[in-house]
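Here is the structure we will look at.
From a predicted model like this one, the values you see are computed outputs, not experimental measurements.
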Amino acid sequence: MQLYGIEITNRLLLGTAQYPSPAILQEAISASGCEVLTVSLRRETAQGSGDAFWRLLRASGCRILPNTAGCHSVHDAVTTAQMARDLFETNWIKLEVIGHGDTLQPDVFALVEAARLLSDDGFQIFPYTTEDLIVGERLLEAGCEVLMPWGAPIGSGQGLRNKDGLRAMRAHFPDTPLIVDAGIGRPSDATQAMELGMDAVLLNTAVAKAGDPVVMADAMAQAVIAGQLGHAADPMEPRDMAVPSTPTLGLAHLTALEPS
């Protein structure tokens, strides 16, 4: 998988918020084998984790994908992205512009505008968006080379609420990396996303809030691999009727004997 010219072999991208402790976060990162970590500039600044958290991220060896979580306007998103570039020394940015307070659904109009401004400023953008095809086209026109449609509202764990929409995105954007972002709750959700032909899965809460985040990180990593292999194997289509797996031709035919 190529993301802005960078080859990524592990298709699970992991968030870094809400873990019980930095030590458990570190173990979960190792168990997942992920190569890309997302981090919110606002969250980490507010918690005052500072240098210790940054050292943990550096020690992981992963590529950092800062995000603009919590931004509700173009101005806030652009400003946060610029601050994140200075702090994390990367042009990568996961762009979030939230439009609805309850569902955390992205404001797609502000998202496209912010994407255009950041692209002109040299950023390489990973936009958190809906599964709308027209919005996807506008984001690509704005300079994005990756699309990140949601599976369900952030942190909800509801899985893939619109599989048909995601399937349509895959067909409409065959050459664009598609990363399902938000809503993944169980390993089976991650597998389904990959079986639909998605290129990767980004998740946070499903691992961070699991009873055992380290085991869940391992499970999610394996689920992503299983889904990718399942898609590559070209699985059979569902059938309306049962079809016997054993042919009837050649079976023994028993005839009842009449009494003598």
With a 4.0 Å cut-off, would you call [X] and [Y] a salt bridge?
| X | Y | result |
| --- | --- | --- |
| Arg58 | Glu89 | yes |
| Arg116 | Glu113 | no |
| Glu237 | Arg239 | no |
| Asp189 | Arg186 | no |

Is a donor on one side and an acceptor on the other found under 3.5 Å between the side chain of [X] and the backbone of [Y]?
| X | Y | result |
| --- | --- | --- |
| Thr80 | Asp76 | yes |
| Ser119 | Ala115 | no |
| Thr16 | Thr38 | yes |
| Tyr4 | Asn91 | no |

Determine whether the side chains of [X] and [Y] contain a donor N or O and an acceptor N or O closer than 3.5 Å.
| X | Y | answer |
| --- | --- | --- |
| Arg85 | Gln82 | no |
| Thr9 | Glu35 | yes |
| Asp218 | Gln222 | yes |

With the side chain counted from C-beta on, respond yes when [X] and [Y] share a heavy-atom pair under 4.5 Å apart, and no when they do not.
| X | Y | value |
| --- | --- | --- |
| Gln2 | Glu7 | yes |
| Phe173 | Glu137 | yes |
| Trp150 | Thr129 | no |
| Cys71 | Ile98 | no |
| Lys94 | Thr68 | no |

Could you report the tightest heavy-atom contact between [X] and [Y], atom names first, then the distance?
| X | Y | value |
| --- | --- | --- |
| Ile24 | Pro20 | CD1-CB, 3.7 Å |
| Asp199 | Thr176 | OD2-O, 3.6 Å |
| Val201 | Ala190 | CG2-O, 4.1 Å |
| Met148 | Leu202 | CE-CD1, 3.4 Å |
| Arg170 | Asp175 | NH2-N, 4.3 Å |
| Ile179 | Pro149 | O-CD, 3.3 Å |

From [X] atom [atom1] to [Y] atom [atom2], the distance as rounded to the nearest 0.5 Å:
| X | Y | atom1 | atom2 | value |
| --- | --- | --- | --- | --- |
| Asn204 | Asp181 | CG | CG | 9.5 Å |
| Ser30 | Leu25 | OG | CG | 11.0 Å |
| Thr130 | Asp107 | OG1 | CG | 10.5 Å |
| Phe88 | Leu57 | CZ | CG | 6.5 Å |
| Gln124 | Leu118 | CD | CG | 12.0 Å |
| Leu37 | Ser32 | CG | OG | 7.5 Å |

Item checked: Ring centroid separation Trp92 to Phe123 under 6.0 Å -> no
Is there a path of hydrophobic side-chain contacts, each under 4.5 Å between heavy atoms, that joins [X] and [Y]?
| X | Y | answer |
| --- | --- | --- |
| Met220 | Ile225 | no |
| Leu14 | Tyr128 | no |
| Ile184 | Ile154 | no |
| Leu104 | Val180 | no |
| Ile93 | Ile6 | yes |

Note to self: Can you tell me if His172 has over 12 outside heavy atoms packed within less than 6.0 Å of its NE2?
What the structure shows: yes
Checklist line | Flag if over 12 foreign heavy atoms under 6.0 Å of CZ, Phe109 | finding: no
Next item on the list: Please test Met83 against Leu87 for side-chain contact (heavy atoms from CB on, under 4.5 Å), starting from the C-alpha separation and ending with a verdict.
Entry: CA-CA 6 Å; Met83 293 172 62; Leu87 178 61; over 6 Å; no
Next item on the list: For side-chain contact (heavy atoms from CB on, under 4.5 Å), just list the numbers for Phe126 and Leu95, CA-CA rounded to whole Å, side-chain angles, deciding distance to a tenth of an Å, and then say yes or no.
Entry: CA-CA 6 Å; Phe126 295 70; Leu95 182 59; over 6 Å; no
Next item on the list: Please assess Val224 against Asn10 for the test side-chain contact (heavy atoms from CB on, under 4.5 Å), listing each intermediate value before the final yes or no.
Entry: CA-CA 9 Å; Val224 167; Asn10 189 311; 5.7 Å; no
Item checked: side-chain contact (heavy atoms from CB on, under 4.5 Å) between Thr79 and His75, intermediate numbers included -> CA-CA 6 Å; Thr79 301; His75 178 268; 3.6 Å; yes
